[in-house]
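In what follows, a single structure is set out as structure tokens and then discussed.
Remember, it's 1-based here, ligands and their atoms both numbered in the order they're listed.
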Amino acid sequence: MLRLTKVNKYYRVGTHSLHVLRDIDFEVEDGEFVAIMGSSGSGKSTLLNILGILDDYDSGEYRLGDTIIRDLSESRAAHFRNRLIGFVFQSFNLLPFKTALENVALPLYYQGVARRKRNQIAMGFLERVGLRDWADHTPSEMSGGQKQRVAIARALIGKPRLILADEPTGALDSETSAQIMELMSEINRSGITVLIVTHDPEVAARCQRTIRLKDGKVMSPEAAAAAAAAASHPGMRAAT
Ligand code: ADP
Ligand code: MG
């Protein structure tokens with residue numbers, strides 16, 4: 001599905017250069033369900049934005065399917081994003097004055113699909129996330145978990161092969177978070193590759209494997225195992 005080879009990314013802040021991703025190397029196969037973990041500032045969102053072709057990188061290679069994603073024109077980038085990728089964010093990113101149905105249908109609006117048709121398709125996706133009865137409600141009338149379901153339905157409507165989620169449960173309580181992860185697992189079982197950035201070990205535990213970042217690098221398997229053990233047995237931390 002995708003492969004990163006020695007990817008580096010710098011942010012230029014004034015005369016200063018910040019090296020945020022360092023020789024990132026990994027591969028994700030079709031149909032995988034992967035967590036990306038790491039402390040705040042370790043480069044997770046930067047990495048996800050590169051994977052989603054929302055941001056560029058400075059060296060190395062990012063291959064998505066058969067295509068090397070490098071210096072694409074905005075229209076080519078948009079073409080890949082719209083055809084292959086669905087995004088889910090911590091803060092849902094719904095339009096506040098649009099109904100759930102209109103929010104889900106939005107990608108089809110941009111594709112020029114007629115209103116009746118796009119509403120019919122959007123209703124099918126709302127049903128899939130369990131919100132058929134909420135179609136006419138606006139985000140302010142919905143709970144966090146419901147808003148995230150709307151956002152997930154919107155991400156699915158373009159029939160993506162890859163879902164990229166940046167802390168999708170970061171604003172939710174643990175029970176709602178578990179429900180959203182159940183929905184993510186179901187989406188993955190339907191054949192869509194899913195990558196989730198998370199701080200939460202319980203979210204990562206529901207994925208098939210975890211890629212850990214530290215200071216912009218992928219941690220070695222040994223270091224990652226030690227970090228995972230420390231996270232699941234907080235009392236052991238002093239001993240390591
Ligand atoms: P994470 O998502 O793991 O918290 P980020 O990818 O958001 O980390 O950020 C990684 C580092 O890059 C941080 O030090 C952050 O301050 C810096 N950074 C992120 N975005 C920008 C930007 N647009 N300009 C400059 N520095 C940035
Ligand atoms: Mg982040």
Side-chain angles (χ1 to χ4, degrees), residues 2-28 32-62 64 69-72 74 77-78 81 85-94 144-145 147-148 151-152 154-155 162-174 176-177 180-181 184 193-207 209-221 223-228 230-232:
L2 62 87
R3 180 187 301 178
L4 297 177
T5 312
K6 289 203 176 303
V7 165
N8 286 274
K9 168 77 179 176
Y10 301 84
Y11 284 119
R12 277 147 209 101
V13 186
T15 56
H16 202 79
S17 175
L18 193 61
H19 195 175
V20 284
L21 294 179
R22 299 166 181 256
D23 288 340
I24 300 284
D25 264 317
F26 66 80
E27 191 171 348
V28 175
E32 275 200 288
F33 189 18
V34 179
I36 299 173
M37 292 191 84
S39 51
S40 182
S42 58
K44 304 181 299 295
S45 293
T46 302
L47 174 61
L48 210 69
N49 289 342
I50 290 171
L51 293 175
I53 329 180
L54 296 167
D55 201 355
D56 222 334
Y57 53 98
D58 293 287
S59 66
E61 184 182 281
Y62 169 29
L64 177 60
I69 304 296
R70 190 79 215 263
D71 301 327
L72 299 185
E74 182 43 41
R81 279 197 301 268
I85 305 172
F87 294 93
V88 178
F89 302 96
Q90 175 171 358
S91 52
F92 322 123
N93 293 12
L94 300 176
K147 284 187 269 202
Q148 197 58 296
I152 291 169
R154 181 186 55 190
L162 172 65
I163 295 273
L164 299 175
D166 196 350
E167 311 258 11
T169 64
L172 306 176
D173 62 67
S174 59
T176 310
S177 165
I180 291 296
M181 284 308 292
M184 287 292 194
T193 307
V194 178
L195 261 73
I196 296 184
V197 163
T198 184
H199 268 105
D200 184 348
E202 290 186 26
V203 167
R206 287 168 176 270
C207 300
R209 69 178 166 108
T210 300
I211 294 168
R212 282 177 187 271
L213 290 187
K214 188 177 182 190
D215 303 330
K217 283 188 186 158
V218 176
M219 284 171 86
S220 69
S232 59

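Assignment of G43 to the shell around ligand 1 is supported, since a heavy atom sits closer than 4.0 Å. At a 4.0 Å cut-off, not a single heavy atom of G216 sits close enough to ligand 1 to count as contact.
Interface atoms of ligand 1 facing T46, defined by a heavy-atom separation under 4.0 Å, are 5 (P), 6 (O), 9 (O). Numbered from 1 in the order shown, with element, the atoms of ligand 1 that lie under 4.0 Å from a heavy atom of S39 read 3 (O).
Taking 2.8 Å as the criterion, S45 counts as a coordinating residue of the Mg ion (ligand 2), since one of its N, O or S atoms falls below it.
In terms of protein heavy-atom proximity, atom 1 (P) of ligand 1 is nearest to G41 N, 3.5 Å. Among all non-hydrogen protein atoms, the one lying nearest atom 12 (O) of ligand 1 is V20 CG1, 2.9 Å. Annotation: atom 16 (O) of ligand 1 to nearest protein heavy atom, L18 CD2, 4.8 Å.
Atom 10 (C) of ligand 1 is flagged as protein-proximal [any protein heavy atom, distance under 4.0 Å].
Of the possible donor and acceptor atoms, one in the side chain of Y62 sits under 3.5 Å from a partner among the backbone N and O of L51.
The number of heavy-atom neighbours closer than 6.0 Å to CD of E202, taken from other residues, nucleotides and ligands shown, is 12 or below.
Exactly one of D55, V20, L4 qualifies for a side chain to side chain contact (heavy atoms under 4.5 Å, CB included) with L47. That residue is L4.
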